[in-house]
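See structure below.
These numbers come from a predicted model, not from an experiment. Sequence lines set the chain letters: A, B, ... in the order given, protein chains first and strands last, and positions in each chain run from 1.
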Amino acid sequence: MSMVIDGKSGFFIKNYYVNRHGIMHYFGVKKNSYAGSIIERVYDYFCMGAKSVFVEYIRYYRREFDSYNDFLLRKHNFFVKEISDINKYLLFYKNLSLTEECGITNLLDDEEFNNIIIKFLGGKYIEN
Amino acid sequence: MNSDVTQSTIQTATNVIDYIGSVQTVWEVVSVLLLAGLLVWIVLTFRKRINNITQKQINLFMTEGKYIPQLYIEVSSAMEYLRFFTHGKKWKKRIVNSYNLTFKGYDGKKIVEILKPKSKTRLSMYQRIDKIRNTMINISSELESVKNHKTHTYEEIGDASFALRSLTYGRLYSLNQCILLCDLIKAKNLIVVGSAGNGKTNLLCRLSQMLIDSKIPCLLVNAKEINTNCTDYIKNQLPLGKCLRNHSDLFLRLMNFVLKVRRRSLFIIIDAINENDREIFVESIGRLLDDFSNFSCIQIILSCRSEYFDSRYMQYFKDCKSRPYKLRLDEISYNDRAKEKLLSVYSEYYNVHTVLPLYVKEKLLCSLLLMRIFFEINEGQGKNNLELRNAEIYKMYIDMVSSKASGLDLYDIMNKISKLMVESFSFDNVKITDLYLSSRDLDCFRNCLDNNLIISRKLVKGNGITERNYEVIYFVFDELRDFCLSRYLLVNSEENDDNSYKFALDFIDKLFKEKLSPLEGILKYTYYYLKKELNDSICELLLKKYGFSDARNFYNCRNYLSHKRLFNNMGLSLIFADFYDVRPFELDYITKYIIGNPAAFWKIFRIHLQNELTLNNPSIELVFDILLTNHSYDDIYKIISFFFDDKHKPYLYLSIDEARKIDHLCSALDKIKEQNGDLSFELKQFMLLISAIEPDEFLLEEYQDLALNNDVFNALKSRVNLSEICDKLDDLKTKLSTKSTDNKKLIEILKFLKNRGGS
């Protein structure tokens with residue numbers, strides 16, 4: 001399940017194919033082509049610099065929060081139902097408000113393209 | 001001063017060494033060892049003991065209701081900023097990683113290629129924080145100059161300048177965030193500034209709890225309790241024991257050293273410095289920061305209301321050598337999801353498990369204060385007892401606050417403030433001296449002001465040669481102010497046996513002529529009260545006079561208490577303020593209004609449809625009354641067809657994927673069916689009505705079948721008086737009832753004809 005919360009925080013499940021080569025292969029584009037550059041930018045928008053939520057918890061927040069679940073509920077404001085649906089240990093996160101838009105969000109206004117991206121990132125788009 | 005302390009430290013150390021050197025007997029050896037052991041024990045257990053003191057203070061706040069841990073939600077990034085401040089250089093790596101990401105990836109490389117920045121685009125986490133900050137500032141200024149067309153213009157680099165400029169915006173925002181975090185890490189002391197009800201105490205308590213859990217020493221103090229010199233008070237609070245009390249400086253030096261080795265800090269947190277007016281406190285709070293500036297591992301966090309900070313405390317900190325870094329809570333934006341979470345947490349904590357009507361939920365999400373008041377008032381109430389009306393909520397809240405303000409008649413004081421505002425025709429604030437309170441009442445009142453969110457106080461400076469400070473009091477939130485003013489006007493009229501409420505109405509008229517902002521609120525609460533008192537004649541007069549006016553445009557949003565508007569028309573807002581009852585004259589008003597504004601009808605329908613979903617009142621019945629009363633067929637057709645006027649949308653290129661209004665309606669109806677099992681009887685009638693009037697709308701085909709449901713059909717027909725609509729309903733029923741020809745019989749006929757034709 002991938003979620004964009006408030007248009008700011010982007011969460012996704014990092015499967016084995018969620019990487020730069022994987023997205024190129026998924027869309028069937030070549031690396032140094034124009035289409036390849038667009039897809040690369042889309043990947044950069046969602047995934048470049050994304051951090052593992054679990055690793056962040058272990059490194060910086062484990063003393064403050066009793067458990068990983070508690071951390072997701074109280075720091076990232078997940079609801080209990082949402083946590084039960086996902087493989088939370090593979091959850092990655094990126095603050096999209098700090099990310100360069102560069103027309104990517106305009107591209108994502110196209111419903112079909114948006115659905116394909118969400119499918120690549122592992123699931124259902126939920127915008128709060 | 002540093003050298004003096006160093007000198008004294010060296011002197012004391014020399015004395016200790018000399019004493020140890022002069023030890024001769026076994027008892028002296030034992031006593032020296034014991035003293036040394038005691039000192040080590042005090043140092044090693046210092047964190048636990050000081051955190052125990054902090055925990056007791058947190059428990060005290062919890063008892064007073066100022067901090068409820070279960071209700072704490074991170075609504076903004078304020079807590080994250082405080083984490084960066086407290087963790088300091090340990091979290092430097094996160095900032096460096098964030099910076100390094102700025103010039104990575106496809107677009108990052110393009111920027112570096114075109115911009116050729118003078119500063120480094122990649123930093124090492126082992127660099128000093130000052131250097132990191134300077135690099136960020138330099139890069140930021142380079143990007144700023146690109147953004148402002150000062151460098152890398154079109155003339156210099158051609159078309160690439162457009163791409164470069166568009167790439168700078170997000171990066172500048174990201175860099176500013178990194179610079180802010182660097183400032184927080186570098187800062188020695190911090191002051192959290194926010195307006196009333198912003199959650200400063202909550203935040204500091206949460207921070208203290210976090211520090212205790214992270215095994216970092218912290219001391220939380222309520223500024224109100226400081227009755228001596230701040231530095232002396234803090235030193236007295238430290239768990240040193242009597243023997244070390246006189247050598248607190250020395251001990252703090254030793255602790256500083258130990259903390260430095262362990263790469264930690266001791267945090268002294270002083271909450272609400274604005275609540276302490278004692279001269280000794282006000283004069284020494286600035287010096288406190290300077291006194292502790294000698295200890296590199298002791299950091300101070302303060303909190304203050306913004307109303308006091310600018311006028312008073314900023315002056316004291318201006319003279320400090322180690323000025324605190326100001327963190328304004330008002331400037332941090334609130335997270336929408338967090339507000340939703342807060343709503344669910346409040347529901348859980350205050351045991352309000354009823355599904356709220358959506359219009360109520362929208363109102364609550366706009367204002368965290370209103371949300372808090374709503375749940376406090378409705379604690380433990382079931383669906384039928386829930387108070388949803390603003391006026392009642394505010395009244396109950398004021399009652400609750402008044403009952404807590406011991407020795408003081410808060411209602412009387414609010415009345416006085418309202419009277420002064422009405423007489424002076426000025427609604428921002430009134431001088432505290434104009435209340436003519438006795439000194440005992442004034443002290444009681446000042447105490448009360450710091451603990452409630454209805455009225456507050458601040459210092460105001462005069463100008464020029466008449467410059468002087470004077471204290472004023474004001475209503476914290478405009479809505480509460482308007483509520484209190486309405487109350488005063490109505491009570492005044494009633495006390496003077498004025499049945500026509502002339503005083504109140506004349507005042508409203510004056511506000512309208514002067515186009516002043518309290519008009520909307522006063523009108524709303526006055527109308528609500530008079531309607532409740534069944535004073536239909538005055539309500540009708542108000543509706544006639546102000547219903548179509550532009551009174552809503554006078555509103556000047558001074559404070560963020562809920563100002564979500566359901567309707568653009570003033571009259572509709574007055575009528576639907578309580579959503580419980582629509583009088584005949586109000587029905588007349590609505591029916592006349594919606595002829596010229598069909599959109600308003602559909603807005604009313606949407607609200608009632610939402611009530612169907614949440615099984616709240618009022619139901620769709622009212623919508624029928626509005627649509628069918630005093631309207632000709634042409635009027636009804638105009639209102640209904642407005643909803644379907646976007647038929648062409650799917651055929652327009654730009655709106656090809658946009659949903660029509662009927663799409664949204666159908667999905668809402670599906671949701672109701674999924675949740676409730678079926679649509680309500682009235683809703684079915686309504687859908688049948690619009691299907692009959694718009695028979696060509698293919699999305700309503702499933703609802704056209706309702707014509708075959710005799711109960712629904714007959715009930716609708718008995719409701720509708722217009723022959724044109726009855727005819728349409730009959731036509732629809734006939735169309736659906738007409739039996740289609742049996743296929744088998746058709747085949748037989750064809751065979752017969754074929755055989756006859758063949759022979």
Working to the nearest 0.5 angstrom, can you tell me the gap between A:R63 CZ and B:L211 CG? 12.0 Å
Please look at A:R62 and chain B and tell me whether the side chain, the backbone, both or neither of the residue comes under 4.5 angstrom of a heavy atom of that chain. neither
Knowing that exactly one of A:K75, A:E64, A:R74 qualifies, which makes a side-chain contact (heavy atoms from CB on, under 4.5 Å) with B:M79? A:E64
Picking from B:H87, B:K104, B:K90, which has the most non-hydrogen pairs under 4.5 angstrom with chain A? B:K104
Could you tabulate the donor-acceptor pairs under 3.5 Å formed by side-chain atoms of residues 20-34 of chain A, not counting sequence neighbours?
residue, atom, partner, partner atom, Å
A:R20, NH1, A:E40, OE2, 3.4
A:R20, NH1, A:D44, OD1, 2.8
A:R20, NH2, A:D44, OD1, 3.2
A:S33, OG, A:K30, O, 2.7
A:S33, OG, A:G36, N, 3.0

Roughly how far, to the nearest 0.5 Å, is OH of B:Y106 from CD1 of A:I39? 12.0 Å
CD (A:E112) with more than 12 external heavy atoms under 6.0 Å: no
Let me know if B:T102 has heavy atoms under 4.5 Å from chain A in its side chain, its backbone, both or neither. neither
Report the C-alpha distance between A:R59 and B:K93 in whole Å, list the side-chain angles of each, state the deciding distance to 0.1 Å, and finish with yes or no for side chain to side chain contact (heavy atoms under 4.5 Å, CB included). CA-CA 12 Å; A:R59 263 193 201 159; B:K93 186 181 175 184; 4.2 Å; yes
May I ask you to check whether over 12 heavy atoms, not counting those of B:K110, lie within 6.0 Å of atom NZ? no
Chain B neighbours within residues 49-56 of chain A, where any heavy atom lies under 4.5 Å away: A:G49, A:E56
Stepwise, does the side chain to side chain contact (heavy atoms under 4.5 Å, CB included) test hold for B:E340 with A:F79? CA-CA 10 Å; B:E340 284 269 3; A:F79 292 94; 4.2 Å; yes
If you count heavy-atom pairs within less than 4.5 Å of chain A, which of B:E80, B:M210, B:R94, B:K215 leads? B:R94
Taking ring-ring contact (aromatic ring centres under 6.0 Å, His included) as the definition, give me every residue that meets it alongside A:F71, ordered by chain and number, with sequence neighbours left out. A:Y57, A:Y61, A:F65, A:H76
Check for a donor-acceptor pair, side chain of B:K341 on one end and backbone N or O of A:L73 on the other, with a separation under 3.5 Å. yes
Looking at A:R41, is its backbone amide N or carbonyl O close enough to the side chain of B:D107 to form a donor-acceptor pair, meaning the two atoms are under 3.5 Å apart? no
Mind checking what makes side-chain hydrogen bond (donor to acceptor under 3.5 Å, both in side chains) contact with B:D213, not counting sequence neighbours? none
